[in-house]
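Everything below concerns the one structure shown next.
Basis for what follows: all heavy atoms, side chains included, without hydrogens, waters or symmetry-related copies. Remember, predicted model here, so these are calculated numbers, not experimental data. Just so it is clear: chains get the letters A, B, ... in the order the sequence lines come, proteins before strands, and each one is counted from 1.
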Amino acid sequence: MRNTKLTLGLFMIVAVLQLAAPLYMAWHWENILQTGSQYYWQTAPVDPYDALKGRYIDLGFKEQKGPLVGNFNLEHGQIAYALLAKDANGHTMITGVSATQPSETSYIRVKVSYTKDNIVHVELPFRRYYIQEDLAFAAEQAYRQRANKEGIVAVRIKDGYGVIEQLYIGDQSIYEYLHGKK
Amino acid sequence: MDNKAVEWLYQQLPELVDKGIIPAQSAERLQAYYGPVDKQLKSKSVLMIFSIIGTILVGLGIILILAHNWNQLTNVTRLLISVGLLLVAQILAAATIWVKKDHSTWTEGGATFLMLMVGTSMTLVGQTYHIVDDTSAFLLTWMLLSLPLIYLMGVTTPAILYLLGVTVWTATNHFGIVDKQLTWVLLALAMPYYWRLLKRNRYGNSAVIFTLVLTICFYICFGIVFSNYIHTLASLICATLVSVTFLVGLLWFDGAVDTGRRPLQAVGLAGSISIAYILTFKWQWSRLNWQAYPPGSGEYLLALTLLVLVIGLGAMLLRKKRYNNVLLGILPLVVGFGYILQYFDASGINATILLNAYVLWLSVTILLTGVRQSKIGLLNIGMVMLAFLVVARFLDIDFSFVVRGLTFVVLGICFLIANLLMLRRKNEVIK
């Protein structure tokens with residue numbers, strides 16, 4: 001019996017750790033969603049075969065590169081920091097890519113794809129938009145047709161982490177757009 | 001000793017006593033030593049298999065239902081569902097620890113369900129916030145959070161899932177060469193449990209399945225972790241690896257009555273024969289280019305270490321005076337010699353001849369052993385190996401269809417005659 005109590009005691013510790021994992025994840029992303037700065041990112045179409053993977057849309061972005069900041073060698077897959085600003089239309093632009101964490105607030109952690117002529121091409125951390133299974137096909141069609149002209153992703157960013165708030169087609173959210181079409 | 005063997009022994013005992021081969025006292029002593037046969041074991045195993053399959057199906061079903069990505073659910077509801085599912089699974093697992101700790105059917109099912117729900121809860125949160133799941137980080141967290149369950153609940157299914165998870169983690173992780181070595185630490189974390197299984201009964205269901213999965217996972221991890229080193233000497237390294245498996249099986253896992261309970265020997269044997277057979281093709285040797293792709297020191301070190309291990313294990317086997325499997329065990333040495341031949345003759349013809357001679361020798365030896373011991377299974381394995389060798393050479397070299405056809409017919413007739421003769425001989429012995 002003492003042995004069982006000890007096992008159960010240790011199990012409780014493990015159980016708390018197991019519960020902490022999803023709770024921490026939820027807190028981390030919800031906090032960014034609530035308190036992060038809002039950025040609007042223009043989308044770009046992706047390879048039609050990649051567009052829909054089961055229940056999410058693979059997103060492509062127009063602004064995925066910026067000039068190298070500092071004297072560093074950035075390699076493929078390396079974590080770097082993209083400095084962000086907004087253009088006249090309120091769309092996000094990358095003003096530079098740095099290997100070290102910047103002191104200012106508007107930046108996002110990215111993965112380096114490649115560097116060419118001092119311009120760093122990066123992979124943004126939010127590339128998926130999960131969508132309800134039965135709406136997925138229509139969403140894919142809408143995205144493919146209009147991503148280049150009217151696709152916008154609203155992202156909340158804080159301390160280098162970003163979380164997607166909404167995917168817009170024109171001035172409607174993807175769900176409003178799909179329901180309007182029905 | 002496994003249950004089946006004890007059962008067989010007990011069936012034999014009355015006859016042995018009747019015929020005066022052993023005294024009744026010895027029979028009683030044997031029975032006292034091995035104890036009663038667990039008649040319920042079979043139904044228990046069936047129950048456990050169904051419980052595990054049922055649990056996995058329920059778990060996967062829940063994952064699929066949530067994968068629908070219900071739009072109606074708010075972020076809070078989704079979080080409540082994911083945490084709630086995890087909590088329910090934890091309460092079930094805790095209850096099995098408290099009430100049914102010695103019922104493996106319950107503990108296996110409870111722990112497996114909990115392990116699946118740990119992964120599900122994290123996936124659901126990731127999906128809610130459109131997170132690009134960094135698969136390797138997710139898998140690592142999932143496996144490490146599930147690992148303690150293996151020890152706390154003494155469960156094999158989560159241990160096997162852990163091995164599979166670590167293998168997938170190794171395959172999806174894009175870190176450098178040094179970071180990849182973490183795979184060994186992760187696999188080692190499951191070893192105390194494996195040791196416990198081996199100590200309990202190395203020929204029991206759990207230990208046999210664990211050994212099989214571990215061996216295959218180990219091969220995959222080995223290939224991925226050392227992928228930067230393994231190039232030119234790949235065939236030699238593979239041959240030594242399967243040989244080590246085979247020899248370890250012969251040395252420490254040879255006591256099972258049932259051949260199906262010797263996973264290391266089965267994997268080692270299948271691997272050795274396959275590699276030897278693949279290396280009988282000339283293109284396998286002629287494609288090697290020592291000048292363009294010279295093996296690095298890492299590759300040499302890896303091959304040499306494994307070769308030393310094979311020689312050491314082989315010596316241990318010979319010391320035990322077990323010469324019958326030496327022929328298969330020397331595969332790495334033959335392949336190694338093939339490499340030396342290929343180094344001096346880039347066309348690869350000498351190495352090809354060597355490997356063909358080796359497989360021919362091996363097939364004939366197995367075939368003759370089958371004939372000598374009147375084992376029809378062994379005879380057929382030898383014949384199949386021989387037939388494969390002949391067929392492969394016919395595909396290699398440009399012969400006319402008539403000649404190929406005739407050879408196939410002759411081979412088929414040889415098969416039929418050999419089996420017929422063997423059956424007749426067996427029948428005569430029975431009469």
Just so I know, are the side chains of [X] and [Y] near enough to count as touching, which here means a heavy-atom distance under 4.5 Å?
| X | Y | value |
| --- | --- | --- |
| L10(A) | P148(B) | no |
| L86(B) | L19(A) | yes |
| M25(A) | F138(B) | no |
| E30(A) | Y129(B) | yes |

Measure [X] against the heavy atoms of chain A and call it side chain, backbone, both or neither at under 4.5 Å.
| X | value |
| --- | --- |
| S121(B) | both |
| L152(B) | both |
| V118(B) | side chain |
| L149(B) | side chain |
| L114(B) | side chain |

Return the set of residues passing side-chain hydrogen bond (donor to acceptor under 3.5 Å, both in side chains) with E299(B) (not counting sequence neighbours), or none when no residue passes.
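With neighbours one apart ignored, the set is empty.
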Treating H130(B) as the side-chain partner and Y130(A) as the backbone partner, does any N or O pair qualify as donor plus acceptor under 3.5 Å?
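Yes; at least one donor-acceptor contact below 3.5 Å.
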Give a yes or no on whether [X] atom [atom1] has more than 12 heavy-atom contacts from other residues, nucleotides or ligands under 6.0 Å away.
| X | atom1 | result |
| --- | --- | --- |
| K158(A) | NZ | yes |
| H76(A) | NE2 | no |
| N89(A) | CG | yes |
| Q101(A) | CD | yes |

Output the distance between atom [atom1] ([X]) and atom [atom2] ([Y]), rounded to the nearest 0.5 Å.
| X | Y | atom1 | atom2 | result |
| --- | --- | --- | --- | --- |
| I97(B) | N3(A) | CD1 | CG | 11.0 Å |
| M115(B) | Q18(A) | CE | CD | 10.0 Å |
| Y151(B) | T7(A) | OH | OG1 | 15.0 Å |

Heavy-atom contact with chain B under 4.5 Å, split by part of E165(A)
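It is neither, since no heavy atom gets under 4.5 Å.
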Is it the backbone or the side chain of L33(A) that comes under 4.5 Å from a heavy atom of chain B, or both, or neither?
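The answer is the side chain of L33(A).
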Please determine, among P22(A), A21(A), G162(A), the option with the most heavy-atom pairs under 4.5 Å with chain B.
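Of the options given, most contacts go to P22(A).
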Taking all non-hydrogen atoms of both residues into account, name the closest pair between L79(B) and A26(A) and its distance.
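So the minimum-distance heavy-atom pair works out to CD1-CB, 3.4 Å.
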